[in-house]
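One structure below.
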Amino acid sequence: MNNSLYNEGGIHLRYERARGLSEATLNLWLERLSAHVPREDIRTIIDLGCGTGRFSVALARHFSARVYGIEPSPKMLSAAREAVNASPVQASVVLMEGTAERIPLDDKTAEMLFLSMVYHHIVDKELACAEFKRVLKPPGHLCIRTATRERIDSFLWLRFFPEAREIESRRMLSGRELKTFIEARGFRLAAHEVVRQMFAGDLNEYYERISERALSVLQMIPDETFARGLLALGEHCATHDTGQPVCEEIDLFVFRADGV
Ligand SMILES: C[S@@+](CC[C@H](N)C(=O)[O-])C[C@H]1O[C@@H](n2cnc3c(N)ncnc32)[C@H](O)[C@@H]1O
């Protein structure tokens, strides 16, 4: 996958506007995480592929933990730096350039490794799994927030961009594929759930968010194709808006690093 997608075209400036999560949605994720990961177990967390740091700050606050935000895109990292500096947990969050394949941290650094919408971007998943094992303090919690192939149809916008849907169905793993791959590399699945999150308050806001083109797959399709899909989505949103929130489904996997 092309890591530079997040370092080009000003995506770092639009990301929060397009993909920022409400306080309620962030809290929902923190609550689901702590249903599987005891807060008292956690002193240090690695937020791998932290992007603009939307989870780094929330994780530091919720778990009262030190957080290392690791991110390959210098521009996303600079947006994260601004967010962290403006937060009350500034002293607990350390941001560093790095990738899943090469995590710039010592062995056994953290009790928890968190990846949000990053797994499908990792080019060398074999190497990344070895890094996950290395930086986790056993038994360690590997938490993966991702959309598996089974969730694709819960994303309304993908119905209007068939070329993007095609790419997503190729690059997203099924839940079984993800579990099998990671378990074969020394982890054990401790929990898996599907979380239904609110993405926009209504269809009007939904359209505004998608039109920012801050989803990586929408950068991967040609401009004309994007424009055509956006027009159709706009018509749909204008004619179907009932003021109801727009939700989507995202998987949460929690693995322990004590598998064989
Ligand atoms: C969809 S964004 C998610 C950002 C953040 N985790 C969040 O949930 O807001 C994907 C992020 O993964 C980063 N990324 C891409 N390839 C990566 C890799 N090999 N290792 C770590 N992060 C990577 C991108 O630069 C981007 O910031």
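Every number for a ligand or one of its atoms is a count from 1 in the order of the listing. The residues of the chain are indexed from 1 along the displayed sequence.
On a distance-only criterion, G49 and ligand 1 share at least one N/O pair closer than 3.5 Å. Of the polar atoms of S73, none of the N or O atoms is found under 3.5 Å from an N or O of ligand 1, judged by distance alone.
Dense packing is recorded around CD of E193, with more than 12 heavy atoms of other residues, nucleotides or ligands lying under 6.0 Å away. In R176, the CZ atom is not crowded: 12 or fewer heavy atoms of neighbouring residues, nucleotides or ligands sit closer than 6.0 Å.
The atoms of ligand 1 that sit less than 4.0 Å from any heavy atom of Y15 are 1 (C), 2 (S), 3 (C), 4 (C), 7 (C), 9 (O). Which parts of ligand 1 touch R54 is read off a 4.0 Å heavy-atom cut-off, strictly below it: atoms 7 (C), 8 (O), 9 (O). Residue V118 has at least one heavy-atom neighbour below 4.0 Å for each of these atoms of ligand 1: 6 (N), 12 (O), 22 (N). Atoms of ligand 1 lying under 4.0 Å from at least one heavy atom of R19, given by number and element, are 1 (C).
For atom 19 (N) of ligand 1, the nearest non-hydrogen atom from the set E131, K125, E101, K75 belongs to E101. Nearest-heavy-atom check against atom 13 (C) of ligand 1 across R145, R102, H121, E71 picks out E71. For atom 21 (C) of ligand 1, the choice among A100, A214, S116 with the nearest heavy atom turns out to be A100.
Side-chain contact between T44 and K137: absent, with no pair of heavy atoms (C-beta onward) separated by less than 4.5 Å.
Contact between V123 and ligand 1 is absent, with no heavy atom of the residue lying under 4.0 Å from the ligand.
The backbone N or O of W157 sits less than 3.5 Å from a side-chain atom of Y206, completing a donor-acceptor pair.
Between the NE2 atom of H141 and the CG atom of L136 there is a distance of 9.0 Å, given to the nearest 0.5 Å. With values rounded to the nearest 0.5 angstrom, L142 atom CG is found 11.0 Å from F114 atom CZ.
Applying the side chain to side chain contact (heavy atoms under 4.5 Å, CB included) criterion to E126, with sequence neighbours excluded, gives D124, F181, R185.
When non-hydrogen atoms are compared, ligand 1 lies under 4.0 Å from the side chain of P72 (C-beta onward) but not from its backbone. In C50, the part holding a heavy atom less than 4.0 Å from any atom of ligand 1 is the backbone.
Nearest heavy atoms, T225 versus F161: O-CD2, 4.3 Å.
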